[in-house]
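Shown next, in structure tokens, is the structure this report addresses.
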Amino acid sequence: MTSSQTELMAGGLMLAIDGEVATVTLARPERRNAMTPATWQGLAVIGASLPPEVRVVVVRGQGPSFCAGIDLRLFSANGVPGEEPIGGLAISEQAIAGYQAGYLWLRNPAIVSIAAVQGHAIGAGFQLALACDLRILADDATLCMKEPALGLVPDLTGTKPLVDIVGLPRAIELCLTARTVTAAEALLLRLAELVVPAPELDAAVADLVAALLTVDPAAARATKALLRQAGGHSLEQQAEAERKAQVKLLSKRP
Ligand code: CAA
């Protein structure tokens, strides 16, 4: 799979690759970066076609909002021009798996993904931020898992990271009230690694990217793989995984 800018633009996406850093931009600010199936398919294509030298992926949104979630016109009779309607009984698990592919790759050990969030991150947009390894929020950011309020479940891979980060009781409370979390609360709930004044968001992301690039690439990849699996392992299993990873890493040294 390859990603051409024309193909990505159909999903309201832009991709810029600068050496070890890729920046994915949600680029439909006039719709607050609302997402369609073409957006999710475009994200999947980006994930599948990233050059191997890319180590950090920044996901950002143009305009006042990070992402207002699914394009609500998909649920209307007129739909979104060029897109299949999504409501009703027509949706299949296979189709949703395809949409989820746009989110899953952001966890790959080969990269560290950072969501740079300003303004609203709602529904599918909040789940996109949750799919990233790290989140930096502008102080005007708000997060909302709106799906249950719309008669839906969050199905774009957001429920697991949400529970992992905030714990089950808080995840139930946030989803089943569909309430909005401010940036200040997000920091307390560990949904943000950092909150900065909105004009400083880009600089804060650039600082984090620079810091991530100072670490040895092979060690970074092996360490992220270890950390990602730690939650599902016993201490003994994880200790074994550490040993194996270290021996493998050292064996590849010149
Ligand atoms: N779908 C389609 N269009 C949207 C949109 C959305 N999700 N969100 C915003 N827009 C459009 C608005 O219709 C408006 O278009 P016009 O200029 O043509 O009227 C434009 O973007 C600007 O929106 P606002 O004037 O409302 O901007 P705002 O800054 O005052 O408010 C907002 C921003 C809080 C995001 C508000 O637009 C809003 O609440 N949007 C809907 C959010 C929502 O409910 N999303 C669905 C989440 S659930 C989900 O995502 C499901 C899933 O994963 C399966």
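FYI, side chains are in, hydrogens and waters are out, and symmetry mates aren't considered; it's all heavy atoms of this structure. Every number for a ligand or one of its atoms is a count from 1 in the order of the listing. Computed from a predicted structure; not experimentally measured. By convention here, the first residue in the shown sequence is residue 1.
Contact between Trp40 and Met35 at its shortest, heavy atoms only, is NE1-SD, 3.4 Å.
Atoms of ligand 1 found under 4.0 Å from any heavy atom of Leu150, numbered from 1 in the order shown, are 46 (C), 48 (S). Atom numbering of ligand 1 starts at 1 in the shown order; those under 4.0 Å from a heavy atom of Gly123 are 47 (C), 48 (S), 49 (C), 50 (O). Against a heavy-atom cut-off of under 4.0 Å, Gly69 is close to the following atoms of ligand 1: 50 (O). Annotation for ligand 1: atoms under 4.0 Å from non-hydrogen atoms of Gln127 are 53 (O).
Distance screen at 4.0 Å: atom 50 (O) of ligand 1 has a protein heavy-atom neighbour inside the cut-off. In this structure, atom 26 (O) of ligand 1 has its sub-4.0 angstrom surroundings free of protein heavy atoms. The presence of a protein heavy atom under 4.0 Å from atom 37 (O) of ligand 1 is ruled out.
In terms of protein heavy atoms, atom 44 (O) of ligand 1 is closest to Lys146 NZ, 2.9 Å. For atom 17 (O) of ligand 1, the nearest non-hydrogen atom of the protein is Glu30 O, 4.5 Å. Residue, atom and distance of the protein heavy atom nearest to atom 30 (O) of ligand 1 are Arg32 NH2, 4.9 Å. From the protein, the heavy atom lying nearest to atom 52 (C) of ligand 1 is Glu147 OE2, 3.5 Å. Protein heavy atom closest to atom 39 (O) of ligand 1, with residue, atom name and distance, is Ile122 CD1, 4.4 Å. When hydrogens are left out, the protein atom nearest atom 2 (C) of ligand 1 is Asp71 OD1, 3.1 Å; that is the closest non-hydrogen contact. Looking at atom 12 (C) of ligand 1, its nearest protein heavy atom turns out to be Arg31 NH1, 4.4 Å. What sits closest to atom 43 (C) of ligand 1 on the protein, heavy atoms only, is Ala68 O, 3.6 Å.
Taking any N or O of His120, backbone or side chain, none lies under 3.5 Å from an N or O belonging to ligand 1. Taking any N or O of Leu72, backbone or side chain, at least one lies under 3.5 Å from an N or O belonging to ligand 1. Polar contact with ligand 1: present for Ile70 (N/O pair, distance under 3.5 Å). For ligand 1, the polar-atom distance check against Ala34 finds no nitrogen or oxygen pair separated by under 3.5 Å. Residue Arg73 has no nitrogen or oxygen atom sitting less than 3.5 Å from a nitrogen or oxygen atom of ligand 1, judged on distance alone. When only interatomic distances are considered, the shortest N/O to N/O separation between Ala124 and ligand 1 falls below 3.5 Å.
By the 6.0 Å contact criterion, CG on Asp216 is enclosed, its count of non-hydrogen atoms from other residues, nucleotides or ligands being greater than 12. Residue Glu93 places its CD atom among 12 or fewer non-hydrogen atoms of other residues, nucleotides or ligands, all under 6.0 Å distant.
Under the side chain to side chain donor-acceptor pair (under 3.5 Å) criterion, no residue pair touches residues 187-210, with sequence neighbours excluded.
With sequence neighbours excluded, no residue satisfies side chain to side chain donor-acceptor pair (under 3.5 Å) with Glu53.
Of the possible donor and acceptor atoms, none in the side chain of Lys146 sits under 3.5 Å from a partner among the backbone N and O of Ala68. Side chain of Glu242 to backbone of Leu226: no donor-acceptor contact under 3.5 angstrom is found. For Thr223 (side chain) and Ala220 (main-chain N/O), no donor-acceptor pair under 3.5 Å exists by modelled atom type.
The CE atom of Met145 lies 11.0 Å from the OG1 atom of Thr177; values are rounded to the nearest 0.5 Å.
Counting heavy atoms from C-beta outward, His120 and Thr142 have side chains that approach closer than 4.5 Å. Residues Arg55 and Leu212 form no side-chain contact, since every pair of their non-hydrogen atoms from C-beta on lies 4.5 Å or further apart. You'll find the side chain of Val112 stays beyond 4.5 Å of the side chain of Val209, heavy atoms only.
By the 4.0 Å heavy-atom criterion, Met35 is excluded from the residues contacting ligand 1.
Among Leu43, Ile91, Thr39, the single residue meeting the side-chain contact (heavy atoms from CB on, under 4.5 Å) criterion with Tyr99 is Ile91.
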